[in-house]
Amino acid sequence: MKTDIWLAAGVRTPFTKIDAQLAGLDAIALSVPVVKHMVGQLGGGRPDFAVWGTVIPNLTWSNIAREVLLDSGVDPTIPAFSTIMACSTSMAAAFEAAGMIDGRGRDLALVGGVESMSHIHIGLSIPLSDRIRAVQQARSLGDRLKALSQLKLSDLRLFIPRVANRTTGLSMGEHTEITAKDWALTRADQDAVALASHQTAVAAWERGFFDDLVIPAGEGTRDTIPRKDTSLERLAKLPPAFDRTSGKGTLTAGNSSPFTDGAAGLWVASEAGLGRLPKSIPRVKLLDYEVTSIDLAHEGLLMAPACGVPRLLARNGLTYADVGLWEIHEAFAAQVLAHIKAWESPDFLKAKAGVTIPMGAFPRERVNPNGGSLALGHPFGATGARILSQAVKELAGRPKGERAIVSICADGGQGTMALLEAC
C-alpha cells in the first residue's frame with residue numbers, strides 16, 4: 001500500500017555571515033534551538049526518528065544527528081542518523097525520511113541540517129597522522145625514535161578544508177565562472193538576479209513571512225544578509241571574485257551566495273504523522289522527487305538540476321506552465337541563469353536531459369518570491385531544509401492543486417529536486 005508523504009514547515013535559526021552573530025555556536029549548539037523548538041511543537045510527543053546533516057567535517061563527532069538530539073534533551077530513544085550530500089544535504093535527508101515513512105509506526109520524522117562555517121576543524125596531513133599513530137603504538141623508546149625518524153618535512157602540514165572540488169581542485173565559484181562563459185551569461189543579468197533576491201527577501205521579512213519560520217539563536221534574531229540599500233549600481237561596482245585576471249570575470253561577492261552560519265529543520269510525515277502536528281503548521285504533499293548526477297568534468301559542476309527538473313516534470317506529465325512556484329537554490333546568480341537557459345533549450349533537453357516533449361517557456365516571474373540564497377545566505381547543510389520549509393509555507397497558502405518545484409544543485413555534479421502540491 002502506497003503511503004502519501006507530506007512535508008510540514010519547520011523552523012530555522014537566523015542566517016548570518018561567518019564570524020558574526022552566530023559565531024559563538026558550533027554546529028551542534030546551532031542545531032539545538034531548532035530541534036528543541038520543533039519537538040516542543042508536539043506537546044509532549046516525539047518524532048519517530050530524525051535525520052540531520054552537515055557538510056564541513058569535524059573529528060569530534062561521527063553522527064551529528066544523534067549528538068544534536070542528546071544535547072537538545074529530547075527522548076534519547078529516538079533513533080537518529082546523519083547524512084551528507086553537499087548543498088543538497090538536508091533535502092536529501094527529507095528524501096531519506098520519506099523513503100522510511102511507512103504508516104506503520106514510522107509516521108513522523110524530524111529532518112534538517114546545519115553549517116557553522118565560523119568553526120572549521122583543521123586537521124593534520126595523513127602522513128603526519130600516520131607517523132603520530134605509529135609513535136603512540138610503539139612499545140619502546142627505540143621504536144618511537146624510529147617512527148619519528150620516518151617523518152619528512154613535507155609531512156608537517158595542516159589540512160585546512162576549503163570550498164573546492166576534490167576531483168578538479170577548482171572551487172564552486174571557479175567552476176561557475178566557466179559555466180557563465182559557456183552559456184554567455186552577462187554580468188548585468190547576474191546582478192539583476194541578485195538584486196531581485198535581496199528585494200524579495202527584504203519584502204518578505206517586512207510583511208512577516210519569516211516570523212514563524214525563524215527563531216532566535218545565539219546573538220541572532222533575524223537574517224542579517226538581506227540588504228535593503230543594495231542597487232544595480234552598487235552591485236556593478238564590485239570586482240570579480242573568482243576570475244580576477246582575464247578581464248572577463250562576472251561572478252562577484254554580490255551575485256554569489258556568502259559563507260553563512262545557520263541551522264534549519266523540516267517535518268516529513270504520513271497522514272497519521274501529520275495529525276500529531278499543530279494544525280497551524282503549513283503542510284503540502286510531496287508528489288515526487290529526483291536525485292541527479294552528471295559528468296562534472298564536461299557538463300558544469302552545478303548543472304545537475306538542469307537535467308533533473310525536466311525529467312521530474314516529464315515523468316509526471318507536467319510542463320513549466322503547470323508549476324506555480326519555483327524555489328531554486330541560488331548558489332550563484334550565474335548558476336540560476338544557466339539552469340533557466342538550459343530549460344528553455346529544446347536541444348539541451350533532448351541531448352542532456354533525455355526529454356523530448358515540449359516544456360514551454362520558463363516562467364521567470366514565479367521564481368523565489370520570498371528571496372533566495374543570494375540574499376538569505378547559504379549554510380551548506382541547512383539550505384535544503386530552509387528552501388523546503390519556505391516553499392511549503394508559500395505553497396500551502398495558495399489554491400488547492402497548485403504545484404511547486406524545489407531545486408538545489410550540489411558540489412560534485414549532483415542535485416536534488418522535489419515536486420510539491422497544495423492540498
Side-chain angles (χ1 to χ4, degrees), residues 18-19 22-32 35 49-90 92-93 96 100 111-172 174 259 261-263 293 296-297 301 379-382 410-414:
I18 60 171
D19 302 323
L22 300 180
L25 304 174
D26 66 11
I28 292 176
L30 196 50
S31 303
V32 166
V35 171
F49 63 98
V51 190
W52 207 259
T54 192
V55 177
I56 300 172
N58 189 301
L59 293 176
T60 61
W61 62 70
S62 61
N63 184 1
I64 188 173
R66 179 63 171 167
E67 303 301 334
V68 167
L69 261 62
L70 291 175
D71 278 23
S72 298
V74 302
D75 186 344
T77 66
I78 300 171
F81 66 92
S82 304
T83 194
I84 181 171
M85 192 182 176
C87 307
S88 289
T89 289
S90 46
E96 289 176 303
M100 293 176 65
V111 307
V114 61
E115 216 65 60
S116 178
M117 300 187 76
S118 295
H119 296 279
I120 305 297
H121 200 153
I122 297 173
L124 305 178
S125 69
I126 292 297
L128 180 56
S129 297
D130 291 343
R131 296 281 72 76
I132 291 176
R133 181 167 171 267
V135 170
Q136 289 178 323
Q137 292 178 331
R139 296 186 177 184
S140 67
L141 178 60
D143 289 341
R144 291 191 184 95
L145 292 174
K146 181 179 179 181
L148 283 172
S149 69
Q150 295 176 7
L151 270 175
K152 301 176 183 178
L153 188 61
S154 60
D155 296 337
L156 302 177
R157 294 178 290 108
L158 297 177
F159 172 74
I160 303 175
R162 56 187 293 262
V163 185
N165 181 269
R166 186 191 70 84
T167 303
T168 66
L170 299 178
S171 70
M172 285 185 281
E174 290 168 329
F259 289 152
D261 292 335
S293 292
L296 68 148
L301 185 77
F380 299 150
D411 185 22
Q414 301 194 101

OG of Ser72 to CD of Glu67, rounded to nearest 0.5 Å, is 11.0 Å
State the CG-CG distance between Asp411 and Leu170, to the nearest 0.5 angstrom. 10.5 Å
Taking all non-hydrogen atoms of both residues into account, name the closest pair between Ala138 and Asp143 and its distance. CB-CB, 3.6 Å
Hey, what do you get for CG (Leu128) to CZ (Arg133), rounding to the nearest 0.5 Å? 13.5 Å
Rounded to the nearest 0.5 angstrom, the CD1-CG distance for Ile122 and Leu59 is 11.5 Å
Rounding to 0.5 Å, atoms OG (Ser90) and CD (Glu115) come to a distance of 9.5 Å
On a heavy-atom basis, which atom in Val114 and which in Ala27 lie closest, and how many Å separate them? CG2-O, 3.4 Å
Closest approach of Trp52 and Ile64, non-hydrogen atoms and distance? O-CG2, 4.3 Å
For a quick check under 3.5 Å, do His121 and Asn58 share a side-chain donor-acceptor pair by atom type? yes
Minimum heavy-atom separation for Asp19 to Ser118, with atom names? N-OG, 2.7 Å
Parallel, tilted or perpendicular for Phe81 and Phe49, by the 30°/60° rule? parallel
With no hydrogens and no angle check, is any side-chain donor or acceptor of Thr89 less than 3.5 Å from a backbone partner on Thr54? no
Can you tell me how far OG of Ser31 sits from CG of Leu25, rounded to the nearest 0.5 angstrom? 9.5 Å
Is a side-chain N or O of Ser82 found less than 3.5 angstrom from the main chain of Ala65, in a donor-acceptor match? yes
Would you say Arg66's side chain and Pro76's backbone share a donor-acceptor pair under 3.5 angstrom? yes
Compare every heavy atom of Ala382 with every heavy atom of Gly262, then report the nearest pair and how far apart it is. O-CB, 3.6 Å
Expected output: side-chain Asp261 to main-chain Ile18 donor-acceptor under 3.5 Å: no
Output, in order, the C-alpha distance, side-chain angles, deciding distance and verdict of side-chain contact (heavy atoms from CB on, under 4.5 Å) for Met172 and Leu301. CA-CA 7 Å; Met172 285 185 281; Leu301 185 77; 3.7 Å; yes
Between Ala93 and Val51, what is the shortest heavy-atom contact and its length? CB-CG1, 3.7 Å
Can a donor-acceptor pair be found, under 3.5 Å and without considering hydrogens, that links the side chain of Asp26 to the backbone of His119? no
